[in-house]
Novice: 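Below you will find the structure I want to go over with you.
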Amino acid sequence: MGPSSPSGSAGFTYLGVLLAVAFLGIALAAIGTVWTTTLRREREAQLLFVGDAFRSAIASYYANGRQLPQELEDLVEDQRTPLPRRYLRRIYLDPMTGRADWQLLRDPDGGIFGVASSSLRTPLKRANFPAEDAEFEKAERYCDWLFEFTPRRDGARGTAARARPAR
């Protein structure tokens, strides 16, 4: 009986370790899912911040000369006056792609009136946007989040035809 006892308990211990490893794997998979979702939510918040920074910079650029920038670099260093002005410190990366591959929203004259992410992923955030971004609730992809500045003309919102970014 002595030799059979250790082999029976070894099999039982092996089964216990196997179950522990399985539970650990399930727990790690759940943690990975939560981690990924948290990172995406942080990137969305960063996209909203950066997009609003571009919109504000374009508005400031427009306010100081009644024209839209032709390139994003014009927002980093505005050479239209003897003393260059800076509306952005740098061209921010798109938080969703990690690159400066923004889709530029241009008016018929080529001026940039906004930016959009180039990411085709589906947003997690679907509600509770600021008033200026209320249209984002209908967006199917991040590239549908359009951070636009609309110049006011004669006290009314501008109505010039604008081109949408190519998809």
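On a predicted model such as this, the values are computed, not experimentally measured, just so you know. Throughout, residue positions are numbered sequentially from 1 according to the sequence presented.
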Novice: Please assess Tyr142 against Leu120 for the test side-chain contact (heavy atoms from CB on, under 4.5 Å), listing each intermediate value before the final yes or no.
Specialist: CA-CA 6 Å; Tyr142 290 116; Leu120 299 175; over 6 Å; no
Novice: Please give me the minimum heavy-atom distance between Met96 and Ser117, naming the atom from each residue.
Specialist: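 Heavy atoms only, the tightest pair is CB-OG, 3.9 Å.
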Novice: Distance from Leu68 atom CG to Arg106 atom CZ, nearest 0.5 Å?
Specialist: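 Answer rounded to 0.5 Å: 10.0 Å.
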Novice: Mind checking whether Leu93 and Trp145 sit in one hydrophobic cluster, side chains of I, L, V, M, F, W, Y counted as touching below 4.5 Å?
Specialist: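 No.
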Novice: Measure the shortest side-chain to side-chain distance between Val115 and Leu105 over non-hydrogen atoms and say whether it is less than 4.5 angstrom.
Specialist: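 No; the side chains remain at least 4.5 Å from each other.
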Novice: Do the charged groups of Asp133 and Lys125 touch, with an N to O distance under 4.0 Å?
Specialist: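 A salt bridge is absent here (no side-chain N lies under 4.0 Å from a carboxylate O).
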Novice: A side-chain contact here means heavy atoms from C-beta on lying under 4.5 Å apart; do Leu75 and Phe54 qualify?
Specialist: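 Yes, at least one pair of side-chain atoms sits under 4.5 Å.
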Novice: Please round to the nearest 0.5 Å and tell me the distance separating atom CD1 of Ile31 and atom OG1 of Thr36.
Specialist: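 Between atom CD1 of Ile31 and atom OG1 of Thr36 there are 11.5 Å.
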Novice: Checking side-chain polar atoms at under 3.5 Å, does Asn64 have a donor or acceptor matched by the opposite partner on Tyr87?
Specialist: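 Judged by distance alone, the side chains do pair up.
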Novice: With the side chain counted from C-beta on, respond yes when Leu39 and Glu42 share a heavy-atom pair under 4.5 Å apart, and no when they do not.
Specialist: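 Sidechains of Glu42 and Leu39: in contact.
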Novice: If you draw a 6.0 Å radius around CZ in Arg126, do more than 12 non-hydrogen atoms from other residues or ligands fall strictly inside?
Specialist: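 Buried by this count: over 12 neighbours within 6.0 Å.
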Novice: May I ask you to test the Pro84-Asp78 pair for a side-chain heavy-atom distance under 4.5 Å?
Specialist: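 They are not in contact (no side-chain heavy atoms under 4.5 Å apart), so the answer is no.
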Novice: Arg80 versus Gln67: any side-chain heavy-atom pair under 4.5 Å?
Specialist: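 Counting from C-beta outward, Arg80 and Gln67 do come under 4.5 Å.
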Novice: Would you name the heavy atoms of Ser119 and Arg141 that are closest together and state the gap between them?
Specialist: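 Smallest interatomic distance, heavy atoms only, reads O-CB, 4.3 Å.
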Novice: Do Val76 and Arg86 have side chains that get closer than 4.5 Å, going by heavy atoms?
Specialist: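 Yes, their side chains come closer than 4.5 Å.
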Novice: Would Leu104 and Ile112 count as a side-chain contact (heavy atoms from CB on, under 4.5 Å) if you check the C-alpha gap in whole Å, the side-chain angles of each, and the deciding distance to 0.1 Å?
Specialist: CA-CA 6 Å; Leu104 303 179; Ile112 299 170; 3.9 Å; yes
Novice: Kindly give the heavy-atom pair with the smallest separation between Leu146 and Ala116, and that separation in Å.
Specialist: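 Scanning both residues completely, I find the closest heavy atoms to be CD2-CB, 3.6 Å.
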Novice: Please tell me whether Phe136 and Phe129 form a close aromatic pair, meaning their ring centres lie under 6.0 Å apart.
Specialist: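 That pair passes the under 6.0 Å test.
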Novice: Does any N or O in the side chain of Ser118 come within less than 3.5 Å of the main-chain N or O of Asp101, such that one atom is a donor and the other an acceptor?
Specialist: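 Yes, because the side chain of Ser118 sits within donor-acceptor range (under 3.5 Å) of the backbone of Asp101.
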Novice: Between Asp107 and Asp109 (side chain of the first, backbone of the second, donor and acceptor by atom type, cut-off under 3.5 Å), is there such a pair?
Specialist: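 Between the backbone of Asp109 and the side chain of Asp107 there is a qualifying donor-acceptor contact (under 3.5 Å).
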Novice: So Leu48 and Glu44, side-chain contact (heavy atoms from CB on, under 4.5 Å) or not? Walk me through it.
Specialist: CA-CA 6 Å; Leu48 290 168; Glu44 283 182 350; 5.5 Å; no
Novice: Is there a side-chain contact between Asp94 and Arg99 (heavy atoms, below 4.5 Å)?
Specialist: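 Not in contact.
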Novice: Check whether any side-chain N or O of Arg121 sits under 3.5 Å from a backbone N or O of Cys143 as a donor-acceptor pair, and report yes or no.
Specialist: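 Answer holds: no.
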Novice: Are the ring centres of Trp102 and Phe147 closer than 6.0 Å?
Specialist: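 Between Phe147 and Trp102, which both carry aromatic rings, the centre distance is not below 6.0 Å.
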Novice: Regarding Gln46 and Tyr92, do their side chains bring together a donor and an acceptor under 3.5 Å, going by distance alone?
Specialist: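 No, no side-chain donor-acceptor contact under 3.5 Å.
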Novice: Could you walk me through whether Glu135 and Asp144 satisfy the side-chain contact (heavy atoms from CB on, under 4.5 Å) test, starting with their C-alpha distance in whole Å, then the side-chain angles of each, then the deciding distance to 0.1 Å, before giving a yes or no?
Specialist: CA-CA 9 Å; Glu135 289 292 316; Asp144 297 331; over 6 Å; no
Novice: Contact between Leu47 and Arg43 at the side-chain level, heavy atoms closer than 4.5 Å - yes or no?
Specialist: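 Side chain of Leu47 against side chain of Arg43, heavy atoms only: no contact under 4.5 Å found.
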Novice: Find the distance between CG (Leu28) and OG1 (Thr33) and round it off to the nearest 0.5 Å.
Specialist: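 Answer rounded to 0.5 Å: 11.0 Å.
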Novice: Quick one about Glu77 and Gln79 (side-chain donor to acceptor, distance below 3.5 Å, no hydrogens or angles considered), yes or no?
Specialist: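 Looking only at side-chain atoms, Glu77 and Gln79 do form a donor-acceptor pair, the distance falling under 3.5 Å.
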